[in-house]
2 protein chains.
Amino acid sequence: MKDRISAYDVAEKAGVSQSTVSRVLNNYPFMKETTRQKVLNAIEELGFTRDEIARSLASKKTRTIGLILGDITNPFFSESAKVITRKAQEMDYNVILCNTNHSEENLNKYIQTLMGKRVDGIIVASADKDNQKIKELYDQGFPIILYNSIMEHDQANYIAVNNYKGAQLAVEHLYHFNHREISYIAGPSKYVTTHLRNLGFKDALDKYGLKMNEKFIYDREFSYDEVYLFARNLLNQQSRPTSFFASSDQMALAVLDAAASEGISVPDQLSVVGFDDIDLAKNQFIGLTTITQPKEKMAMLTLEKLVALIEEKEHVDAPIQIVLEPELISRKTTGIYKS
Amino acid sequence: MKDRISAYDVAEKAGVSQSTVSRVLNNYPFMKETTRQKVLNAIEELGFTRDEIARSLASKKTRTIGLILGDITNPFFSESAKVITRKAQEMDYNVILCNTNHSEENLNKYIQTLMGKRVDGIIVASADKDNQKIKELYDQGFPIILYNSIMEHDQANYIAVNNYKGAQLAVEHLYHFNHREISYIAGPSKYVTTHLRNLGFKDALDKYGLKMNEKFIYDREFSYDEVYLFARNLLNQQSRPTSFFASSDQMALAVLDAAASEGISVPDQLSVVGFDDIDLAKNQFIGLTTITQPKEKMAMLTLEKLVALIEEKEHVDAPIQIVLEPELISRKTTGIYKS
DNA sequence: CTGTTAGCGCATTCAA
DNA sequence: TTGAATGCGCTAACAG
């Protein structure tokens, strides 16, 4: 590879100084139009593009943000990532993507790496409750926002849906459809998101006077295969649940998969409610009943707020703490239970 | 935010020079163990992390690669991205994610940006045929690999599946199930990938003596909604196709969606074949018949080869041009046509 | 084995 | 309106 063309090369060709080149690159307004043109021409002829690394070092800004996701193959995350990257491009930011596979170790490692890369801000879409690193960043005033999660910290920035209420809506829906035996794919309560959904689920059971069957609760790590096996096993039991509430649509799909493998038809013999309202849930071949999150809105808002934090850190105002309302959308995977 | 801690601060605290600090950071082997410890302690106490930006500027390496995708919400891409980011982390690389939404303008813009960011290499998973920018990079010897696509250029690096053959397998399968009226969701032939699938499709029709019905071919841009409408419209016609072959599983889902909306049952009244074998295709609630791509293998290979190109550019060997074999997996969305 | 020195390619004062 | 000089925080010779 031939040597790169630097601003000095351009300067020489244009017969000006490097700082003048820098000025036209940065749209400095007070310049003679002719010199600007000379520089522009030289840039054109040489095919020069500035070195963003050097620029970052000098300016202490990278115009890059880190996006930490739990699992990019979960449509909830990828659909969010799509919105965030599009918006980022519009605002002239780049996105470094990090996939933790739901491991806190990875999360910490990624935060470390991103800080080393001097990203201007971070969006965390898969935060463990009380994560220490994140709290440190809040304390330092570093621009960081939790997406789809909240954190109890007076400086915490987050944008999420009311997960507690979402879970309640699910139980309510199933209850009204005469379901009394509800299996719950909860996921580990180490995440605030799932923790809140778990609380909502339990309180809703209480409200309707239903007892919780521990055997019907899956509280291990999110894993398609594990949930598939769990559901399949449960469906083979003598006293099997009449319905499932899954803490994510992805996991609801695993339940549907398991049901299909056992020849159990949905919704006739089994009802399933998900959470997230991924695009696929709308697909009429599937028609998953689920709890909506205003993903698009949340994602846009998250990026906008983050950029605001980055670019106008002067007036830090109050921390950003936004909680949106979920909604239940009834489709084809739930039906009235007939005993 | 308080001032960052630099290697000089560490050096001072440890009572050594900054270059010594740099040495321990880079695991330079010939050092007195005691000084190494002094430095390590100072690093620990100060909570120092090195500035990767400065490091990149000085070393001319960023340990970052660009990953350009057509659509992150298409599981084929997100599943590939997952493998690539995991592998990248293992090899101590970061990934900047770019989502083109299948627009060549975006592709070019992103390539530009990534080059400005001085990424060490680029993976393009959504390349337009004959893209000029990509060719330039090949000419310069810049490490760039096409994933799931090929390019006719003597220095092109690519890893893909035999798309021509894949399409043929699909037609063959449908033909053996007595389907004679096959609709094809082709996508625009400006992508090499789809172009080859289109060729395979047409040649297969010829082989079986089937005539191509232009009205059954969708050759516009990949868009879920557009394909949905196209399929729905077709299914409403008097002489509707008995089967669909979609150039991606994502588009096959759109067809299933349309069929469901028209109350047409699959596979009894309609057969559907996809392409990619996304995880969801295996879901028994759906059971999509499709053409497999060895995604995992392809993705791993792509990253490994790219890193090889980056790190050992001395022996550039022959260009990397790997074409893997596809396979048809018959599941629940295809059945024998009974007239 | 360790310190000194000179860049990397820009942005950004300060003068002129 | 422009140029010269300095430094961002590190790596990488080169001495010693």
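All chains are named by letter (A, B, ...) in the order of the sequence lines, taking the proteins before the strands, and each is independently numbered beginning at 1. Being a predicted model, the structure only gives us computed values, none of them experimental.
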S.K.: Whole Å only: how far is the CG atom of A:Asp51 from the P atom of C:dG7?
M.R.: 18 Å
S.K.: Between A:Glu296 and A:Arg86 (salt bridge meaning N to carboxylate O under 4.0 Å), is one present in this structure?
M.R.: yes
S.K.: State which of D:dC10, D:dG3, D:dC8 makes the closest approach to the side chain of B:Ala54.
M.R.: D:dC10
S.K.: Counting any heavy atom closer than 4.0 Å, what does B:Ser19 reach on the DNA or RNA strands: base, sugar-phosphate only, or nothing?
M.R.: base
S.K.: In this structure, how many angstroms lie between the P atom of D:dG7 and the OH atom of B:Tyr8, rounded?
M.R.: 11 Å
S.K.: Looking at every strand, decide which applies to B:Glu52 at a 4.0 Å heavy-atom threshold: base, sugar-phosphate, or nothing.
M.R.: nothing
S.K.: C:dC10, D:dG9, C:dC14: which one has an atom nearest the side-chain heavy atoms of A:Arg23?
M.R.: C:dC14
S.K.: Counting neighbours of CD on A:Glu90 that are heavy atoms of other residues, nucleotides or ligands and sit closer than 6.0 Å, is the number greater than 12?
M.R.: yes
S.K.: Expressed as a whole number of angstroms, how long is the span from A:Leu25:CG to C:dA11:C1'?
M.R.: 11 Å
S.K.: At under 4.0 Å between heavy atoms, what does A:Ser22 touch on the DNA or RNA strands: base, sugar-phosphate, or nothing?
M.R.: base
S.K.: Closest to the B:Ser59 side chain: C:dG3, D:dA12, C:dC10?
M.R.: D:dA12
S.K.: For A:Val21, answer base if it contacts any base atom (sugar-phosphate contacts may also be present), sugar-phosphate if it contacts only those atoms, and nothing otherwise; contact means non-hydrogen atoms under 4.0 Å.
M.R.: nothing
S.K.: Should the pair B:Arg4-B:Asp51 be classified as a salt bridge under the 4.0 Å nitrogen-to-oxygen rule?
M.R.: no
S.K.: Look at all strands and tell whether B:Ser56 reaches a base, only sugar-phosphate, or nothing, counting heavy atoms closer than 4.0 Å.
M.R.: nothing
S.K.: Would you mind checking if A:Asp120 and A:Arg63 are paired as a salt bridge, meaning a charged N to carboxylate O distance below 4.0 Å?
M.R.: no
S.K.: Round to a whole Å and report the spacing from CD of B:Gln18 to P of C:dT2.
M.R.: 15 Å
S.K.: Could you check which of C:dA11, D:dT1, C:dT2 has an atom nearest any side-chain atom of A:Ala58?
M.R.: C:dA11
S.K.: Output the rounded distance in Å from CD (A:Glu33) to C1' (D:dT2).
M.R.: 15 Å
S.K.: What integer distance in Å separates B:Arg55:CZ from D:dC8:P?
M.R.: 20 Å
S.K.: Find which nucleotide of DNA chain C each of B:Phe30 and A:Arg50 is nearest to by heavy atoms, and output the residue with the more 5' nucleotide.
M.R.: B:Phe30
S.K.: Looking at A:Asp130 and A:Lys135, does any basic side-chain N land under 4.0 Å from a carboxylate oxygen?
M.R.: yes
S.K.: Find the distance B:Met31:CE to C:dG3:C1' and express it as a whole number of Å.
M.R.: 12 Å
S.K.: What is the separation between atom CG on A:Leu57 and atom P on C:dT12, rounded to the nearest whole Å?
M.R.: 12 Å
S.K.: Between C:dC10, D:dG3, D:dG9, which one does the side chain of A:Ser6 approach most closely?
M.R.: C:dC10
S.K.: Select one nucleotide: of D:dT2, C:dC10, C:dA11, the one nearest the side-chain heavy atoms of A:Asn26.
M.R.: C:dA11
S.K.: Taking the nucleotide of DNA chain D with the nearest heavy atom to each, does A:Arg36 or B:Phe48 sit closer to the 5' end?
M.R.: A:Arg36
